[in-house]
Amino acid sequence: CDSIVNLLLTVMPNVSTPLTETSCFGDTIWVGGMAYTATGMYTENLFTGFGCDSTVNLSLTVLPEITTTLNEVICQGGTFAVGNSTYSTTGTYVDTLASWQNCDSTVTLNLTVVQTSVSVALPDTLTCQQPSVVLTAMATTSSGTLSYQWTTISGAFNGATNQANTTATAPGTYTLTVTDASGCSA
């Protein structure tokens, strides 16, 4: 006997999926159990839920690592901020911040704190027999050479002003400001 079989056959099309991704340096993009970490074009053959072929075409862009090195000098008592961190002592500091692309940005700060100090020896007393006295200063810095600025309350000073030692010929209050090569003063 002859028999007739009617077959209704549905052919499922191949599924091809384009996938465009951007990731941060150090991140991983997973497609079908495969890990991708570098910029490039990748094709991954997978199977659909019906057991048919499925192709994923991955176009991956990995953003470059963002690193910045700062070499900064501050005066003693000052601070330097990186992101939400504030530093006030000599050292090397590493902070991880979020870039405008929301990726990690590493900032390395090499911070130098300049210390400048000054002291003035107590001078002799001005008298008729001693119409002038020497004002003697001791100053130190961790940054280059020093400049000296002697002043009085009125601002005027008659005498050498850019020296550690100077001569005062009138009674009054004398002020010495010492500034180093970094601009730090004491």
Side-chain angles (χ1 to χ4, degrees), residues 21-29 37-40 60-186:
E21 292 289 332
T22 300
S23 69
C24 298
F25 178 84
D27 287 352
T28 301
I29 299 294
T37 60
T39 295
L60 177 61
T61 301
V62 176
L63 300 173
E65 182 177 21
I66 301 170
T67 59
T68 303
T69 299
L70 302 173
N71 297 305
E72 298 295 332
V73 176
I74 62 171
C75 301
Q76 184 175 3
T79 60
F80 192 87
V82 176
N84 293 326
S85 301
T86 303
Y87 303 101
S88 61
T89 58
T90 296
T92 299
Y93 305 94
V94 178
D95 286 283
T96 302
L97 309 173
S99 72
W100 66 273
Q101 298 161 320
N102 206 27
C103 294
D104 286 347
S105 170
T106 304
V107 178
T108 301
L109 170 63
N110 298 310
L111 183 64
T112 302
V113 178
V114 175
Q115 298 179 2
T116 302
S117 65
V118 64
S119 65
V120 177
L122 189 61
D124 291 331
T125 302
L126 289 172
T127 65
C128 291
Q129 291 77 27
Q130 187 173 345
S132 66
V133 293
V134 175
L135 302 176
T136 304
M138 290 294 299
T140 61
T141 184
S142 59
S143 177
T145 59
L146 295 168
S147 65
Y148 300 84
Q149 182 63 50
W150 289 95
T151 58
T152 63
I153 290 177
S154 66
F157 184 77
N158 294 330
T161 60
N162 193 21
Q163 298 178 25
N165 302 327
T166 194
T167 302
T169 58
T173 301
Y174 294 85
T175 303
L176 172 62
T177 302
V178 177
T179 305
D180 64 24
S182 298
C184 297
S185 296

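Computation of the quantities below employed the complete heavy-atom set of this structure, encompassing side-chain atoms and omitting hydrogens, waters and symmetry-equivalent molecules. What you are looking at is a predicted structure, and each value in this text was computed from that prediction instead of being measured.
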Practice task
Show the numbers, then the answer: is there a side chain to side chain contact (heavy atoms under 4.5 Å, CB included) between Q101 and I66?
Solution key: CA-CA 10 Å; Q101 298 161 320; I66 301 170; 4.0 Å; yes
Problem - Closest contact, heavy atoms only, S23 versus L60 - result: OG-CD1, 4.0 Å
Exercise for the section: Spell out, as yes or no, whether a donor-acceptor pair under 3.5 Å connects the side chain of D180 to the backbone of L146. Expected result: no
Handout entry: Donor-acceptor side-chain pairing of T140 and S117 below 3.5 angstrom
Key = yes
Practice task
Might you confirm whether atom CG of N84 has over 12 heavy atoms from other residues, nucleotides or ligands at distances under 6.0 Å?
Solution key: no
Practice task
Indicate whether any N or O donor in one side chain lies under 3.5 Å from an N or O acceptor in the other, for T39 and T61.
Solution key: no
Exercise for the section: For residues V114 and T141, determine if any side-chain heavy atom of one lies less than 4.5 Å from a side-chain heavy atom of the other. Expected result: yes
Practice task
Hey, could you give me the CD/OG distance between Q115 and S143, rounded to the nearest 0.5 Å?
Solution key: 11.5 Å
Handout entry: Beyond-backbone contact of T177 with T151, side-chain heavy atoms, under 4.5 angstrom
Key = no
Practice task
Could I get the full list of ring-ring contact (aromatic ring centres under 6.0 Å, His included) partners for F25, not counting sequence neighbours?
Solution key: none
Problem - Flag side-chain contact, heavy atom, 4.5 Å: F80 against L70 - result: yes
Problem - Any residue meeting side chain to side chain contact (heavy atoms under 4.5 Å, CB included) with T112, in chain and number order, not counting sequence neighbours - result: V73
Practice task
May I ask you to test the V62-T37 pair for a side-chain heavy-atom distance under 4.5 Å?
Solution key: no
Practice task
Quick one: pull up OG1 in T69 and CG in L109 and give me the separation to the nearest 0.5 Å.
Solution key: 9.5 Å
Handout entry: Pairwise distance CG(L135) to CG(D124) - rounded to 0.5 angstrom
Key = 10.0 Å
Practice task
Check P123 against V133 and note the closest heavy-atom contact, atom names and distance.
Solution key: CB-CG2, 4.2 Å
Practice task
Mind listing the closest non-hydrogen atom pair of G78 and S88 along with its distance?
Solution key: O-CB, 3.5 Å
Practice task
Indicate yes or no for a side-chain donor-acceptor contact from S182 to the backbone of C184 under 3.5 Å, with no hydrogens or angles considered.
Solution key: no
Exercise for the section: Please confirm whether the backbone N or O of A137 pairs with a side-chain atom of N165, one donor and one acceptor, at under 3.5 Å? Expected result: yes
Problem - Nearest-0.5 Å distance that lies between atom OG1 in T90 and atom CG in L111 - result: 6.0 Å
Problem - Distance in Å, C24 SG paired with D104 CG, rounded so as to fall on 0.5 Å steps - result: 7.0 Å
Problem - Shortest non-hydrogen separation from I74 to Y87 and the atoms involved - result: CD1-O, 4.1 Å
Exercise for the section: Report the distance from atom CH2 of W150 to atom CG of L176, rounding to the nearest 0.5 Å. Expected result: 4.5 Å
Exercise for the section: For T179 and S185, work out which heavy atoms get closest and say how close. Expected result: OG1-OG, 3.0 Å
Handout entry: Step-by-step side chain to side chain contact (heavy atoms under 4.5 Å, CB included) determination, D27 to L63
Key = CA-CA 10 Å; D27 287 352; L63 300 173; over 6 Å; no
Handout entry: L97 to G83 - nearest heavy-atom pair and separation
Key = CD2-CA, 3.9 Å
